Amino acid sequence: MDENKNLIPGNYDASQIEVLEGLEAVRKRPGMYIGTTGLDGVHHLVWEIVDNSIDEAMAGYADTIHIQIEEDNQIRVMDNGRGIPVDLQHKTGRPASETVFTVLHAGGKFGGGSYKVSGGLHGVGAAVVNALSTFLEYKIYKDGKIYFQRFERGIPMGDMEMIGDTDKTGTEVTFRPDEEIFKESIQYNFERLRDRVQELAYLNRDLQIDITDSRSDQEPKEASYRYSGGVKSYTDYLNENKDVLYAEPVYLEDEQDDIVVEVALQHTTGYHLNLLSFTNNIRTHEGGTHESGFKAALTRVINDYARKSDFLKENDENFLGEDVREGLTAIISIKHPDPQFEGQTKTKLGNSEARTIVDRLFSENFERFLMENPKIGKLIIEKAELASKARVAAKRAREVTRKKSGLEISNLPGKLADCSSKDPEISELFIVEGDSAGGSAKQGRSRLFQAILPIRGKILNVEKASLDRILANEEIRTLFTAMGTGFGEEFEADKARYHKLIIMTDADVDGAHIRTLLLTLFFRYMRPAIDAGFIYVAQPPLYQVRQGKTSVYLDSDEALEEYLKTIPASPKPAVQRYKGLGEMDADQLWETTMDPDTRRLTRVDVEDAKEADRVMTMLMGDKVPPRRQFIEENARYVENIDI
Ligand code: TSJ
């Protein structure tokens, strides 16, 4: 092709100057287009490109996508779709494909072709990726030919060229994020990209997506996904380690006015709702019309079915939504030509017709499913029935707890040694394992702002227990009453009587187990307290070394070994290993673990609590194989664990 026709240098016209100005704007304010210039921004570029291939697949023209991370963090995305149109456009005289990569917001709406449904909160287009890359090259396989063009920092290095023949069709784009823009790092996190690739494969049934990582400074990695069950397979995956009420997830699907809805659901024997909703492959964290339609329709159809099949008698009350959702895992995926995203984080679907179509899907298909599968219908209803009974019992128990949870000390549990301060900001509640450590803690504490609640043995495992049983547990009731916050959905963080809740357990496996149990409890029923940063773990030492008049506390075998190397051989150091907090006297406990000037506390974040919850689910769930595997892998650490 003719050199002089290049955008740069020479042959400027108004539209080409506009193009250059557009690219310059993107490089000047990258944050405006992709949010951040951290690693998230780098990953954003990848999804920006991959979304186009997903769109082609959703339109039914592609079924395979490859993503290759290559040397120097260049990345290649390929699909076997129709290939981006290459025809010359009247207005600009440029090939449509060049426009895609140089004009902001041109993607998908050129060359006459545009998609009904398009992925992406992203959707800022390939031109933004191009502008923020040191280089970008495309190869288009189309009509028996291969077309090629290269850009550097968004600027064409030549016209599109025909470089060969082919019998394939598809699009291949290779680019490298510009470290002048992404100053933190352009090192992709393979695992993060892989997890989203897997999610995309679940959300787009039968679409094959491969991802490989062949950067020479890392281990080679690869993953490949294709699910013929789509969101139904996703539900299976989410329930992999759980006990399910019926073997196969229920799958429902409908299409109307170019809106596609898919729902998969399966009840487990657990107590928690796990509901994931998506619109055009984007997770709708804040829910919206599709989710509320789902909840309303599920409740209505199950109640209707329970009446028709005489499970609910004339005078029985209807099940509430929370009853039919207890232990439910569900995925709602909707593909919509014109989604309206609302809410704080723009992850709430606003389209009212989404509610209508989900509602219809349930009225027609779920009702029929229950009629045709009465055994499953019975299991679902029996589960709802148990849930509703537990709900009524819990309400009664809660009323009792609430009456007892006034702020007057006279109403507080007897085992609690409260502090004298009434100022939550400075007040601390130590939850201490065992009566003897509890005794030392009560003696050693600063009574002004430190309260002590000893708990005995292992508290009830919250994973296996329903709400009414959790509340019936003495130890747990005491804890919630002492905190003054209520719990679960009625939790009120601003009622907290202490802004530090400190878990103080032994530095052994049993201590770790009790800590895991407590964190699981907080994760499930006091989540806002974790978010508010109220939960801490105390770090008691493992060793005390005395030599002459000096005494030093140490945390680990390694620290002990290191320390012993640094001190003189005589007089002979005396090493004491604390098996439990109970072995420390009141002064030692104060000095090592409770005194704000010398103690070490670790604040618990949601990730810590989530991990505890995950371990707990595995250890305590009814499924034996994952539990056995975990115990085998961690035999060294869990030899004493009592499960
Ligand atoms: F974003 C992008 F441009 F960089 C990009 C686009 C990157 C990658 C990896 C793939 C794609 C892409 C685009 N794959 N498939 C398509 N298809 C079209 O653009 C296309 C093809 C044909 C027609 C038509 O109406 O004939 C319409 C379109 C939108």
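We count ligands from 1, going down the list as the structure has it; atoms in each ligand are counted the same way. Note that this is a predicted model, so its numbers are computed, not measured.
With a 6.0 Å radius and a threshold of 12 heavy atoms from other residues, nucleotides or ligands, K142 has its NZ atom above the threshold. Counting heavy atoms of neighbouring residues, nucleotides and ligands inside a 6.0 Å radius, atom CD of E71 exceeds 12 of them.
Applying the salt bridge (charged side-chain N to carboxylate O under 4.0 Å, His left out) test to every pair with at least one member in residues 165-176, sequence neighbours left out, gives these pairs: D72-R176, R76-E172, K145-D165, R176-E179. Sorted by first then second residue, the ring-ring contact (aromatic ring centres under 6.0 Å, His included) pairs that include residues 192-212, not counting sequence neighbours, are Y202-Y227, Y202-Y234, Y202-Y237.
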message = Please evaluate residues L265 and V263 with respect to the criterion side-chain contact (heavy atoms from CB on, under 4.5 Å), reporting the C-alpha separation (whole Å), side-chain torsions for both, the decisive distance (0.1 Å), and the verdict.
response = CA-CA 7 Å; L265 63 91; V263 171; 4.2 Å; yes
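Checked against a 6.0 Å centroid threshold, the rings of F135 and F151 do not count as neighbours.
The S53 neighbourhood of ligand 1 comprises atoms 8 (C), 9 (C), 10 (C), with distances under 4.0 Å to a heavy atom of that residue. In summary, the atoms of ligand 1 found under 4.0 Å from a heavy atom of N52, numbered by their order in the structure, are 1 (F), 2 (C), 5 (C), 6 (C), 11 (C). Numbered from 1 in the order shown, with element, the atoms of ligand 1 that lie under 4.0 Å from a heavy atom of V100 read 3 (F).
The closest approach between F101 and ligand 1 falls below 4.0 Å for a heavy atom of the residue. For G83, the heavy-atom gap to ligand 1 drops under 4.0 angstrom. A heavy-atom separation below 4.0 Å is found between A126 and ligand 1.
Side-chain N/O atoms of S214 and E70 include no donor and acceptor closer than 3.5 Å.
Heavy atoms of V77 found under 4.0 angstrom from ligand 1 belong to the backbone as well as the side chain.
Here's the thing with D79: one of its N/O atoms is less than 3.5 angstrom from an N/O atom of ligand 1. Taking distance alone, with nitrogen or oxygen atoms compared against 3.5 Å, E56 approaches ligand 1 more closely than that limit.
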